[in-house]
Amino acid sequence: MGVSIVPALRALKPAALTVATGLAGVLVGFWANAAFFPGTSPRQPIEFSHKIHATDNAIPCLYCHTQARRSTVAGVPSVRKCVDCHNIVAKDRPQIRKVMSYWANQQPIPWIKVHDLPDFVYFPHKRHVQAGVACQTCHGKVETMHRVKRVAPLKMGWCLDCHKAHAVEHGLDCWTCHK
Amino acid sequence: MKRDDERGMHEKWREYRRPGYYEELDYAWTMTIDLDRCTGCEACVTACKAENNLPIVGEKAFAQGREIQWMRIERYWEGEYPNARLRFIPMLCQHCEAAPCETVCPVTATYHNQDGLNAQIYNRCIGTRSCAVYCPYEVRYFNYNNHHWDPPLDQQLNPDVTVREKGVMEKCTFCIQRIRQAKDLAKDDGRRRVRDGEVQPACVQACPAEALVFGDRKDPASRVSASMNDPRAYRVLDELNTRPSVIYLKKVTTDAG
Amino acid sequence: MATSAIGLFVDPHRALATAGRLKAAGFATIEVISPIPLEGADEVLGKKTSVIKRFTFFGAILGGVAGFTLAAGTAVLYLHPTGGRPIIPFPPFLIITYEMTILFGILATVIGFLISARLPAIRERAYVPEAAIDRFAVAVSCDDEECLDRAASLLRAAGAEEVRMAASRPTWRLPNEA
Amino acid sequence: MPAEVASLRYADVNRDVVRSLVETGPKYYITLACALGLTLVCFLFPWFYQLNLGIAAAGMNHPQVWGTYEASFIFWIGLSHSGTLLSCVLHITHSSWRKAMYRSAEAMTLFSLMVAVTMVMVHLGRPWFIHWAFPYPNQMELWPNFRSPLLFDVTAIATYLTGSSVFIYMGSIPDFAAVRDRTTGWRHHLYTLLSLGWRGTDTEWHRLGWAYTLLAVLIIPLAVSVHSIVSWDWASSIVPALHQTIFAPYFVVGAIYSGTAGIVTVMFLLRKYMSFERYITELHFDNLGKLLLALSLIWTYINVLELFTGWYSGASTELEALKYKLFGYYAPLYWEMILCCAIAPLLLISKRFRTSFVPMLVLSIAINIGMYTERFLIVGTSLSRKYLPDAWGLYVPSLVELSILVGSVALFSTLFLLFVKIFPSVSIYEVKETLPEAAELPKPATAERGGVQWQPVQ
Amino acid sequence: MAKLERRDFLKLVGAGSVGVGAGFMLAQSIKHPLEHLIPYPIPPEEFSPGVATWYNSVCSMCPAGCGISVRTREGRPKIIQGNPSHPVSQGRLCGLGQSGVHVLYNPDRLTTPLLRTGDRGAGAFVPTTWDEGLAKIAERLRTLRENDRGNRICFLSEGVRGHLAMVFERFMEQLGSQRLWHFDFAHPRTLYEANQRLFGEQHLPYYDLKNARYLLSFGADFLGHWLSPVHHSLGLAHSRQGRPGVRGKFVQIEPRMSLSGAAADEWIAARPGTEGLLALGLAHRIVSAGHYRGPDRDGWADKLSRYPAERVARETGVDADTIARLADSFAQTQPSLAIGGGAAGNHTNGVDILIAVNVLNYLAGNLGGAGGLVFNPPPAVDSPRRHASYRTMLDLAAEARAGQIEVLIVNKTNPVFALPAAAEFKEALARIPLIVSLSSFMDETTALADLVLPSHTYLESWGDDFPEPGVGFPVGAISQPVVSPLYDTRATGDIILGLSQRVGLGTALPWANMEECLKQGWREIHQRGSQNGDAESFETFWTSVLQAGVWGQDAHRAAPAVNIEPRVIDGIDVEAPRFSAASEEYSFILHPYLSTGLHDGRGANLPWMQELPDPLTSVVYGSWVELNPVTAQQLGVSEGDVVDVQSAHGRISAPVYIYPAIRPDVVAMPIGQGHDEYGRYAQRRGVNPIQILAPEMEPSTGALAWSATRVKLVPTGRRVKLVKTDGASRQLGRNIVRTIKAVSS
């Protein structure tokens with residue numbers, strides 16, 4: 001006769017095993033969601049290809065996103081901007097027809113935000129562009145993408161790392177980005 | 001400013017032991033309020049509401065004492081009829097250099113920034129409300145619930161200022177969005193500094209009696225420095241040694257005649 | 001196979017005396033199992049010293065250092081000047097230090113206890129349940145039958161109301177523990 | 001020693017304690033159900049309502065941003081301040097009357113601490129971000145502010161919680177072992193694990209003795225520091241009537257005071273409903289009574305001192321604070337507190353009172369009501385009368401707050417009820433130590449030993 | 001490891017899959033929802049998202065006519081500030097003015113033309129189109145005009161100036177009706193009359209507070225609502241702290257401390273209605289003490305001999321020494337200035353009182369010079385004298401009852417709210433076959449309309465303004481739309497022009513819309529301007545005025561040789577004024593005053609103004625009755641006790657507020673609350689003291705003497721919590737507001 005905790009452990013094993021598998025499952029599920037449904041590259045109302053425009057036809061970013069240098073927001077081109085070219089160029093393509101139909105009944109195109117920051121974050125494009133930060137630093141190689149995909153995490157730590165690396169003036173003052 | 005890694009251990013230690021940390025503030029934003037000019041008309045109060053997305057809380061909230069007024073007018077009666085006099089004093093965040101509210105925040109949602117401002121970061125706040133307890137000026141306001149603007153009133157909201165959610169403390173920021181704007185413009189036309197008078201918080205801008213003056217007290221030429229040196233200058237509750245950045249000019253009384 | 005003989009006694013004093021006698025008779029590992037801590041176990045089985053207090057002491061010191069490092073370290077990781085005070089002010093950080101000292105002290109003590117009391121018991125150990133109620137047991141562990149029988153007979157001779165044989169392996173000891 | 005104790009045998013102790021664990025009457029289940037139900041209805045539902053609506057559900061307002069939640073927080077922390085502390089002190093000083101009661105006292109500590117922590121959650125405006133108050137590496141690269149008194153709280157309470165749970169557990173290991181041998185089924189497994197295979201060898205006893213004493217030594221200063229630190233949440237502000245050096249001792253004394261009263265209540269209930277009459281005796285009530293008397297006197301002294309220093313300062317703010325406390329809106333509560341905590345306890349001078357159970361129960365409850373009032377007044381009368389008269393206000397708790405207050409008591413009871421069915425609420429081996437040795441007793445037949453026969457482990 | 005039992009295996013699988021599910025859902029639930037980026041189909045000119053654009057315009061929240069600049073983002077106005085280059089507001093703006101955005105974005109705005117369906121006042125309307133609406137009324141107007149019954153058309157408008165007023169004039173003229181009235185409750189009718197009589201001036205003078213060193217105000221709450229509060233605030237502030245070494249002194253004489261009274265160095269509560277007497281008392285002292293050295297000194301001495309200090313002291317309740325002191329310093333501290341208005345002007349002898357006040361100015365030599373009364377040159381575009389007095393409104397009501405009015409057009413004025421019940425105006429309206437309202441809100445009057453043609457707010461429409469009183473030189477400002485219309489509404493001017501086209505008044509009103517009309521009008525101004533030199537093109541002129549938001553001429557006018565004969569005194573009656581009811585029963589004088597936030601009630605639908613603590617009492621959202629502590633004690637009431645305020649003409653009840661600075665024989669109530677209609681923020685809130693006013697009039701002008709009502713107070717025994725922001729109202733020696741004695745120079 002004697003005493004030891006082993007038998008008790010043995011008795012508890014199945015229960016413990018079940019719980020453990022359950023928790024492991026949670027992790028897997030979480031990861032699966034992040035991996036297979038990242039939502040970093042939503043399907044846009046019009047399959048606009050940055051590759052065709054920015055690389056093949058070498059249109060500079062600021063041609064369409066005119067505000068980036070002057071304003072907090074880069075600005076998406078108005079429908080007219082699209083039409084200006086496309087009532088001559090590639091009129092027959094189905095996607096262009098779509099654009100034209102928007103234009104016909106003066107509807108704006110409801111683009112879906114790919115790079116979306118929380119409402120309490122104030123990111124001024126103009127400061128960054130004027131400081132010579134390339135669009136690609138945050139947006140990735142958009143000019144190579146057919147459908148835009150978010151590559152940067154856009155998380156606070158990520159911003160801070162860059163601010164630190166470049167010793168941005170007051171770059172670590174919370175009020176620089178949160179107001 | 002040198003980068004972190006460029007500084008020696010010893011130098012760093014000295015910095016970290018320096019009271020208030022900043023050797024010199026970048027700007028030292030200051031407001032003076034001339035009580036002899038102030039008429040208590042509350043234009044400043046409205047201006048603040050308009051600029052900073054202060055909620056429309058409703059009658060019930062007022063009855064419960066849950067109004068939100070970053071800028072408020074306090075009124076004190078003196079004497080009795082027929083010699084009763086009414087004294088007004090605008091009360092807003094004093095942006096103290098030794099702010100009691102800053103130290104108590106467990107998550108540094110409020111701290112002192114390099115412009116000598118007492119920052120309040122809404123999205124970091126967890127709502128312990130201890131800062132409001134520690135503030136002797138009662139200028140910190142808590143969001144007891146989410147606020148609603150009957151549409152289209154919401155279209156008036158200032159896109160440069162966050163709309164605060166329930167459970168968050170808020171207070172006067174000296175219109176940080178305007179300060180930032182001014183700095184931005186200065187940068188755009190390649191100036192190092194913001195010119196005096198370029199930034200005006202909403203309340204200062206509105207005041208019909210020009211009782212409020214705002215500016216950088218580091219700049220000896222600024223209007224605010226001038227009015228700070230007025231012999232009438234004093235700080236409210238200065239016995240508490242909170243070293244406010246809001247300076248009041250005494251009300252002038254006259255003998256009969 | 002049985003490796004230890006356990007004698008149950010009603011009277012703690014007799015149990016202790018027996019334990020002493022067995023020790024004198026040259027038995028190596030003798031344990032007195034009792035429902036309450038027994039005064040005078042040391043006299044018969046030799047003085048005991050424990051490492052726990054060292055654990056506590058060094059744990060506490062470690063905690064102190066950890067405490068201050070935590071406070072000061074995190075403070076400089078992201079500079080948030082508050083209330084016109086330094087980034088690293090002593091009074092508040094000493095409080096953190098103090099609390100951490102105690103926390104680590106406590107945890108170290110627990111670890112120390114578990115190690116030096118050789119708990120939890122993984123391998124089966126000789127035991128008699130009555131010893132948790134009102135019996136005082138003397139357990140002798142041997143390597144061979146002959147030794148066991150000697151122990152058993154000695155126990156009976158000493159007036160154990162009952163002698164049991166239990167299976168348990170010779171237990172190990174920490175260094176510097178008598 | 002009292003007769004009923006003298007007649008106890010070692011075996012009886014085991015039997016009684018094991019019975020208190022395994023034999024559960026309907027009365028217990030009914031009580032547990034009530035406690036649980038109350039917790040659900042009065043604590044959880046209102047809290048979820050508040051989480052959804054915001055602190056608007058509570059009665060707080062502009063000058064008065066803290067309310068009953070903070071009061072309850074101090075109250076529960078305070079209640080926790082006797083169990084472990086007292087147990088440690090008495091252990092160090094080898095006072096044997098501790099032995100029958102310390103286990104449940106420590107349990108009280110543990111659970112009131114847990115309730116206190118939940119009160120913090122309830123108090124927060126955005127409790128879903130409470131993890132920001134803990135130092136863990138995060139992508140925001142932000143850390144809590146260790147300069148804040150609130151962070152002192154976090155560390156202190158975390159430490160205290162760990163300390164007291166370790167302490168109560170370590171003291172119970174031999175008892176777990178004893179119960180292990182007397183139980184079957186899942187309980188047997190549970191206690192096998194909890195007892196870590198304790199046998200009660202001379203070495204084990206020796207180590208336990210050491211560890212236990214060391215812990216006691218560590219926990220005494222800890223306990224004192226915890227409530228001082230809690231008091232600094234208030235005292236390190238510059239609010240008139242809160243910004244006072246006396247606050248730390250004031251809080252500590254108050255805490256031990258209400259804690260001891262709490263122990264009396266718990267003792268009474270255990271004695272009555274777990275049938276421990278033979279273990280918890282007049283002796284305990286007598287000693288606790290004396291302790292209470294002493295504490296009430298110290299408490300009264302500090303209160304008077306507070307008033308005096310306030311008055312002596314002559315500062316408008318301090319005077320106003322006093323005036324408001326003594327004659328203001330909440331004056332009735334103040335005088336009720338004085339009655340409960342300063343005047344009523346004077347009855348304890350009489351031994352007859354101390355040794356009569358029901359009156360002691362009544363008094364102990366009265367004292368804790370008074371102490372809750374004290375905590376409420378600390379919050380309720382100071383914040384509404386700060387420096388700027390124009391900003392003065394009035395605070396009245398809302399229904400939600402009151403209900404959560406009731407609910408917190410229910411939560412505490414629930415936890416305690418669960419405890420008495422898992423932990424031996426009276427320490428088996430330490431009680432035995434106070435008994436005449438087994439030899440001197442007529443030897444019981446094996447059959448009687450602890451009722452349940454022991455069967456070897458498979 | 002032992003091999004798994006089947007059951008255990010299934011258990012594990014179950015647990016695992018449940019876990020995965022949970023994890024997935026969790027991750028899903030914490031995901032950020034998708035947001036959209038909506039570009040313009042066609043971007044407007046010089047518009048860039050994220051960058052604010054400022055537009056200069058004119059405030060029309062009150063008649064002061066401040067210049068404003070509006071900050072807009074993405075085409076939406078965000079905040080209204082003063083226009084720095086406008087001489088009236090000089091970059092400053094009052095709370096009411098800043099609440100203009102709440103007029104624009106008000107959730108209770110009328111969004112489309114409405115046609116009445118149910119009975120009048122039942123509030124049942126159906127949306128209709130502009131065509132239908134305009135057709136309906138145009139048709140009616142045409143028939144009336146063609147049958148020469150144009151005079152049966154009545155146009156009741158808020159006070160308007162500039163070209164809009166001109167358009168109204170021509171419109172009614174063409175229709176053949178003289179019944180065009182501007183109605184503002186607070187219009188200082190008596191002040192104009194007094195001015196007219198004494199100086200023969202149509203336009204008010206400019207009161208140069210800025211340079212005055214001694215300001216004596218008889219009841220004029222010039223910091224609250226009187227004439228141009230923002231400009232006055234600037235002036236007072238400058239006169240006090242704007243000049244090194246000199247600090248202007250300011251004495252306020254009124255029965256209840258107003259915002260101005262609170263700012264005054266000395267506040268004197270003379271008996272209501274005796275302000276004129278007091279003025280003449282001062283005059284008597286000035287002359288008798290030899291401060292006045294004019295040739296006609298003896299004449300004055302003779303005329304003023306009726307007002308010796310003792311008598312005046314007795315009747316005004318201001319002791320003789322004070323009178324002497326005031327008189328001396330008023331005469332000696334030059335430049336000094338006496339202004340009168342507000343309650344003082346609203347007595348049955350209001351005009352006389354104000355004349356008496358100006359006599360003071362004459363005697364102290366304050367006419368024409370800096371720091372005194374500066375006479376304004378006529379504005380570039382003169383606005384007609386169309387302000388309806390109370391008598392006019394009574395006549396109107398009578399005519400309506402007599403069925404002489406067939407069409408009533410109401411433009412943004414609310415007589416039903418702003419006239420005493422005694423006028424029975426609402427009942428009269430019932431007799432008018434067609435009532436058309438151009439209001440942007442469903443106010444009390446609009447609720448009675450048959451047809452509602454909602455007009456733009458001032459931020460959406462074209463207009464111009466020539467502030468009155470001016471600032472001593474000609475000023476004009478153009479109000480331009482700062483936002484494209486939010487709803488299916490039209491600018492008032494455009495509606496009228498549209499109507500005139502439909503009715504066929506073509507030639508007189510040739511413009512398609514207000515913008516054209518303005519351009520033509522301003523072209524004339526420009527031509528007049530260019531005669532003296534500057535030859536810029538009109539377009540540049542126009543754009544520059546739009547950008548600056550203001551136009552001014554450096555043309556000052558020499559003070560007219562005003563010579564006031566002592567005999568004016570014979571013409572005026574400054575003895576105690578007539579009060580409504582017998583004094584013994586109705587023992588209190590009711591002192592209604594315009595509330596700071598709500599003005600005459602127009603601000604009641606603006607959330608910011610409802611939530612603006614009243615500067616003097618800190619009360620929000622409601623009405624209250626101000627009582628002197630002594631009075632309250634006698635009545636045995638304290639704050640929050642609801643009392644009935646009964647006049648001979650009605651009864652309202654409101655909670656008591658103990659007010660330390662009001663005469664014991666006076667009770668004061670704020671005007672502005674007590675709306676039955678007017679949107680969610682105004683409705684069913686507080687009471688409207690105007691309703692119980694006695695129909696007393698100033699005989700010469702027919703202006704309503706709204707300080708002439710006596711009331712009695714009856715405690716109801718009910719008690720409510722007065723909603724206010726103040727805690728305690730005394731400093732308790734805490735030295736929060738510190739003061740310093742002025743070094744008497």
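Proteins come first, then strands; the chains are lettered A, B, ... in the order of their sequence lines, and each starts at number 1.
- With a 4.5 angstrom heavy-atom cutoff, C:P35 touches chain D via backbone and side-chain atoms both.
- Of the residues considered (C:G105, C:A132, C:G83), C:A132 shows the highest number of contacts with chain D, using heavy-atom pairs under 4.5 Å.
- Using a distance-only test at 3.5 Å, with no hydrogens or angles considered, a donor-acceptor pair links the side chain of D:R199 to the main chain of C:A126.
- Looking at C:T74, both its backbone and its side chain come within 4.5 Å of chain D, counting heavy atoms on both sides.
- The most heavy-atom pairs under 4.5 Å with chain C, out of D:E433, D:E141, D:E430, D:H206, come from D:H206.
- Contact of C:L114 with chain D is made through the side chain alone, with heavy-atom distances under 4.5 Å.
- In this structure, NE2 in C:H80 is found 6.0 Å from CG in D:L142, a value given to the nearest 0.5 Å.
- Between C:E99 and D:F152, the closest side-chain pair of non-hydrogen atoms is not below 4.5 Å.
- A distance of 8.0 Å separates CD in D:E204 from CD1 in C:I33, rounded to the nearest 0.5 Å.
- Of the two parts of C:I88, neither the backbone nor the side chain holds a non-hydrogen atom closer than 4.5 Å to a non-hydrogen atom of chain D.
- Heavy-atom distances place the side chain of C:Y98, and not its backbone, under 4.5 Å from chain D.
- Using a 4.5 Å cut-off between heavy atoms, D:I173 contacts chain C through its side chain alone, with no backbone atom that close.
- When each of C:M100, C:K53, C:R14 is checked for heavy-atom pairs under 4.5 Å with chain D, C:K53 comes out on top.
- Both the backbone and the side chain of C:A71 come within contact range of chain D, judged by heavy atoms closer than 4.5 Å.
- The closest side-chain donor-acceptor pair between C:E31 and D:T203, if any, does not fall under 3.5 angstrom.
- Highest contact tally toward chain C, considering only D:G163, D:P221, D:G200, D:P135, is held by D:G200 [criterion: heavy-atom pairs under 4.5 Å].
- Remark: C:K48 engages D:D202 in a salt bridge, criterion side-chain N to carboxylate O under 4.0 Å.
- Two residues are said to be in side-chain contact when any heavy atoms from C-beta on lie closer than 4.5 Å; D:F167 and C:I106 fail this criterion.
- Heavy-atom distances place both the backbone and the side chain of C:I52 under 4.5 Å from chain D.
- Of the two parts of C:I87, the backbone and the side chain both hold a non-hydrogen atom closer than 4.5 Å to a non-hydrogen atom of chain D.
- Between the side chain of D:R207 and the backbone N or O of C:F113 there is no donor-acceptor pair closer than 3.5 Å.
- Neither the backbone nor the side chain of D:I428 comes within contact range of chain C; no heavy atoms are under 4.5 Å apart.
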